[in-house]
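A short write-up of the structure that comes next.
Computed over heavy atoms, backbone and side chain alike; hydrogens, waters and symmetry mates excluded. In this text, all values refer to a predicted model and were calculated from it rather than measured experimentally. Numbers for residues simply follow the sequence, beginning at 1. Start at 1 and go down the list; that is how both ligands and their atoms are numbered.
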Amino acid sequence: MPEIIQFTGTVLTGPDSEARGLWSINGRLTFRQPAKAPDRILAGWVLPGFVDAHCHIGLGVGGAVDAATAGDQARTDLMAGTLLVRDAGSPADTRWLQGGSDFPVLIRAGRHVARTRRYLRGFAEEVEPDGLVEAVRKQARDGDGWVKLVGDWIDRGAGDLAPSFPAAVVRDAVQAAHDEGARVTAHCFAEETLDDVLDAGIDCVEHATGLLPRHLPRFVEQRVPIVPTLINIATFPDIAAQADPKFPAYAAHMRALWERREERVLEAYEAGVRIYAGTDAGSVITHGRIADEILALHAAGLPIAAALDAACWSARTWLGAEGIAEGARADVVLCREDPRMVPDTVRDLAHVVLGGRLVR
Ligand SMILES: [Zn+2]
């Protein structure tokens, strides 16, 4: 028996567009009222399921976690309304989470690719510059259309952040991924790393804390989005405090990046750079915090409609997922109030529907 769910209340088909009268029949959305009475009626403000554009499922503080833990992580995200995850690197094989109706839709990036001993232990496939192109090619084949590069990290010899790889090698690696039909995103904290990855034709940048005015027109012209992960950047002062005794210059750099984090996101938004919401859950950041990131983007100065859009309509379009449309997969969340008027309502959703199944 196909289940029919009727959604009463306002349907937000876009940040500024509304409709009324929506049903889920057999897991698909329709605006046409079915002849049969609904099995369930759900009330609230209906939005497409949230997108966490930077999340790590299968990753914990020590590296890969077991399957049960990975499943718990994915379910925690699901219950918070994240129905689509772009995984930004995981050492665990999480393909088993895909294709069913128990977990968020998962777009995998394979393993992070980092410079040898220049990232968190146990997270990445670590290579020297002469191995980067092959490593990226392999991850491009293993993942779901994305490759994650660790673009910079502390260089302990220099005592500060520094790009992980020479610019020319990054360019070849991005080209190799593109040849394999994959897009590349890069973890970038430092200013100069952004020049290198933009030169290389990168497809997305994570964190982008080192954003300077010279970078803005390039992000716009090259149509490169930013996933700021503000709730993770909030941990920079802790990282700096730990690093202070041995690496004072690095610590000072991290603090300076932290201090300007909000104004840089706002400058990017105002310049026309596309911004998407990502929590960076998986190691230090716990899962299920997409609402916190939406609200952090709003607190940085983005209008609430734009902060919601960063996790909703535009984010789904960017990743090739359906929104709220006739025949689309019924992946929606219901807020208790209009989230454009009462932003905090995203913290406590009324309902979560995944593939037409009520999960909350
Ligand atoms: Zn991350």
Side-chain angles (χ1 to χ4, degrees), residues 50-65 69-70 73-74 76-77 80 82 84-92 94 97 104 106-115 118-126 135-136 139 142-154 161 163-164 183-190 193-194 197 202-211 224-236 238-239 254 257-258 261 265 275-290 292-294 296-297 310-311 315 319:
F50 295 140
V51 177
D52 189 340
H54 185 141
C55 185
H56 304 275
I57 291 175
L59 179 66
V61 282
V65 297
T69 307
Q73 292 173 340
T76 303
D77 288 321
T82 293
L84 174 62
V85 167
R86 185 185 64 143
D87 194 286
S90 178
T94 52
L97 292 161
L106 176 62
I107 300 171
R108 295 164 39 258
R111 292 195 74 158
H112 301 74
V113 180
R115 180 79 177 261
R118 292 277 304 279
Y119 198 47
L120 300 161
R121 194 194 305 242
F123 279 35
E125 180 172 352
E126 299 187 357
V136 164
Q139 295 307 323
D142 282 357
D144 302 327
W146 283 95
V147 176
K148 171 70 177 297
L149 272 187
V150 179
D152 58 20
W153 197 249
I154 185 172
L161 286 170
S164 308
R183 291 185 274 184
V184 183
T185 192
H187 157 119
C188 301
F189 285 167
T193 316
L194 294 175
V197 298
I202 201 87
D203 302 289
C204 181
V205 171
E206 312 300 309
H207 319 300
T209 44
L211 196 67
V224 178
I226 289 174
V227 182
T229 69
L230 284 172
I231 62 171
N232 184 29
I233 304 313
T235 67
F236 277 19
D238 295 340
I239 296 171
M254 294 295 278
L257 294 173
W258 174 78
R261 67 203 182 283
V265 171
I275 308 282
Y276 296 119
T279 62
D280 213 351
S283 53
V284 176
I285 305 300
T286 54
H287 285 265
R289 294 191 58 197
I290 191 65
D292 291 335
E293 183 64 19
I294 293 169
L297 290 169
L319 293 173

Can an N, O or S atom be found in His56 less than 2.8 Å away from the Zn ion (ligand 1)? yes
Trp146 six-ring centre to Arg86 NZ/CZ under 6.0 Å and within 45° of normal: yes
Is the backbone of Ile57 close enough, under 3.5 Å, to the side chain of Ser90 for a donor and an acceptor to pair up by distance? yes
With the Zn ion (ligand 1) as the point of reference, which N/O/S atom of Asp280 is the closest? OD1
Which of Ile202, Ile226, Val205, Asp152 passes side-chain contact (heavy atoms from CB on, under 4.5 Å) with Leu194? It is Val205
Tell me if a side-chain donor or acceptor on Asp87 pairs with a main-chain N or O of Arg108 at a distance below 3.5 Å. no
Report yes or no: does His187 have an N/O/S atom closer than 2.8 Å to the Zn ion (ligand 1)? no
